[in-house]
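Here is the structure we will look at.
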Amino acid sequence: IIGHSYGGFEVDYIISQSNLFRAAVAGAAITDFVSSYLWTAWGGEKPNFWHYEFGQLRLGKSLYEDYDRYLKNSPVYHADKVNTPLLSWAGEQDAQVHNYQSIEFHLALRRLGKINTMLLYPGEDHTLMNSKYQKDLTERIEQWFGYYLKGSKKPDWF
């Protein structure tokens, strides 16, 4: 399973709730609804509240009206249930989803002894624009799935 942005969140959430997939890749994922709710995207005109209450995440209530729902939907609070090897990545200068979201999930998985690798691309935003980094990410995703799905040799960077 693979996803980016909202799709990255879905990947992280799915692997925290299911063992259906043998390997996963999540890019620029929201992993903690509480901290992200209380964040303002760089250069944004408004805080993230709207995004959670009425936007893409459609929770319909504020953090303070339904705190449990925010926790239940945050993959970071379910990291102990993850058994799927995860490759996550983010741009160091992501203005839409702070890279700490991916870093926190990575550190939670690492602390729990789960299989995961985190890639942080310097100077990159929500999507990778540097062709060198695009190529690097593509190759690493192919190697990740190659190892976990096809039995290819394990690369040194894992």
Side-chain angles (χ1 to χ4, degrees), residues 1-18 20-59 63 70 73-79 82 84-111 114-150 152-158:
I1 187 171
I2 186 171
H4 171 258
S5 193
Y6 186 77
F9 150 70
E10 290 178 318
V11 166
D12 288 346
Y13 183 78
I14 289 167
I15 66 170
S16 75
Q17 304 297 310
S18 166
L20 184 62
F21 297 95
R22 289 182 45 210
V25 176
I30 299 167
T31 64
D32 184 347
F33 280 28
V34 175
S35 67
S36 186
Y37 178 89
L38 299 169
W39 186 63
T40 301
W42 303 336
E45 297 176 5
K46 55 187 169 184
N48 278 353
F49 309 155
W50 68 272
H51 187 63
Y52 287 81
E53 295 173 23
F54 311 108
Q56 189 175 29
L57 299 172
R58 295 182 200 95
L59 293 176
L63 170 67
Y70 282 74
N73 283 284
S74 298
V76 74
Y77 299 114
H78 307 287
V82 172
T84 305
L86 175 66
L87 172 62
S88 57
W89 65 271
E92 184 183 46
Q93 300 299 318
D94 193 332
Q96 291 181 0
V97 176
H98 199 287
N99 62 48
Y100 285 0
Q101 294 286 314
S102 294
I103 292 169
E104 287 174 3
F105 196 54
H106 165 69
L107 291 176
L109 294 172
R110 184 176 174 173
R111 177 65 181 91
K114 307 293 183 165
I115 299 170
N116 73 106
T117 298
M118 168 82 195
L119 306 172
L120 186 60
Y121 289 95
E124 291 295 296
D125 198 349
H126 195 60
T127 57
L128 303 182
M129 299 306 291
N130 182 317
S131 60
K132 176 178 91 173
Y133 294 142
Q134 291 171 346
K135 183 178 186 221
D136 179 75
L137 179 59
T138 299
E139 290 172 354
R140 289 177 191 254
I141 290 170
E142 289 174 353
Q143 291 171 2
W144 187 261
F145 285 137
Y147 177 73
Y148 286 106
L149 302 179
K150 298 179 179 180
S152 299
K153 183 178 179 244
K154 185 176 185 177
D156 294 334
W157 61 268
F158 275 25

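In this text the structure is predicted, and so the values were computed from the model without any measurement.
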### Task
Identify the heavy atoms of V76 and E104 that sit nearest to each other, and give their distance.
CG2-O, 4.1 Å

### Summary
Contacts of D125 meeting salt bridge (charged side-chain N to carboxylate O under 4.0 Å, His left out) (sequence neighbours excluded), chain-then-number -> none

#### Entry: 4.5 Å side-chain heavy-atom contact, I115 and Y148
yes

### Query
From R110 CZ over to I103 CD1, what is the distance, rounded to the nearest 0.5 angstrom?
12.0 Å

### Y133 atom OH: more than 12 heavy-atom contacts under 6.0 Å
yes

### Query
Is the F158 to W144 ring centre distance short of 6.0 Å?
yes

### Task
First locate atom NE2 of H98, then atom CD of Q101, and finally report the distance between them rounded to the nearest 0.5 Å.
9.0 Å

### Message
Would you say D32 and Y77 are linked by a side-chain donor-acceptor pair, where the criterion is simply a distance under 3.5 Å?
### Response
yes

## Note on the structure
Heavy-atom closest pair (I15 atom, D12 atom, distance to 0.1 Å) is CG1-O, 3.4 Å

### Summary
Paired with W89, the side chain to side chain contact (heavy atoms under 4.5 Å, CB included) test is passed by just one of L120, L119, N99, namely L119

### Message
Just verifying a value: how many Å separate L38 CG and L63 CG, rounded to the nearest 0.5 Å?
### Response
6.0 Å

### With sequence neighbours excluded, residues passing ring pair (Phe, Tyr, Trp, His ring centres under 6.0 Å) with H126
H4

### Query
Is it the case that Y121 and Q93 place a side-chain donor and acceptor less than 3.5 Å from each other?
no

### Query
How about F9 and F33: are their ring centres within less than 6.0 Å of each other?
yes

## Note on the structure
The reported gap from NZ in K153 to CG in D156 (rounded to nearest 0.5 angstrom) is 6.0 Å

### Message
Please give me the minimum heavy-atom distance between S16 and V82, naming the atom from each residue.
### Response
CA-CG2, 3.8 Å

### Message
Check K132 with D136, please: is the shortest side-chain N to carboxylate O separation under 4.0 Å?
### Response
no

### Task
Might you point out which heavy atoms bring A79 and L109 nearest each other, and give the distance in Å?
O-CD2, 3.7 Å

### Message
Can you give me the closest heavy-atom contact between N48 and S36, atom names plus distance?
### Response
ND2-O, 2.8 Å

### Query
Where is the tightest heavy-atom contact between F145 and V25, given as atom of each residue plus distance?
CZ-CG2, 3.6 Å

### Distance in Å, I1 CD1 paired with T84 OG1, rounded so as to fall on 0.5 Å steps
8.5 Å

### Residue among K135, M129, Q134 satisfying side chain to side chain contact (heavy atoms under 4.5 Å, CB included) with S131
Q134

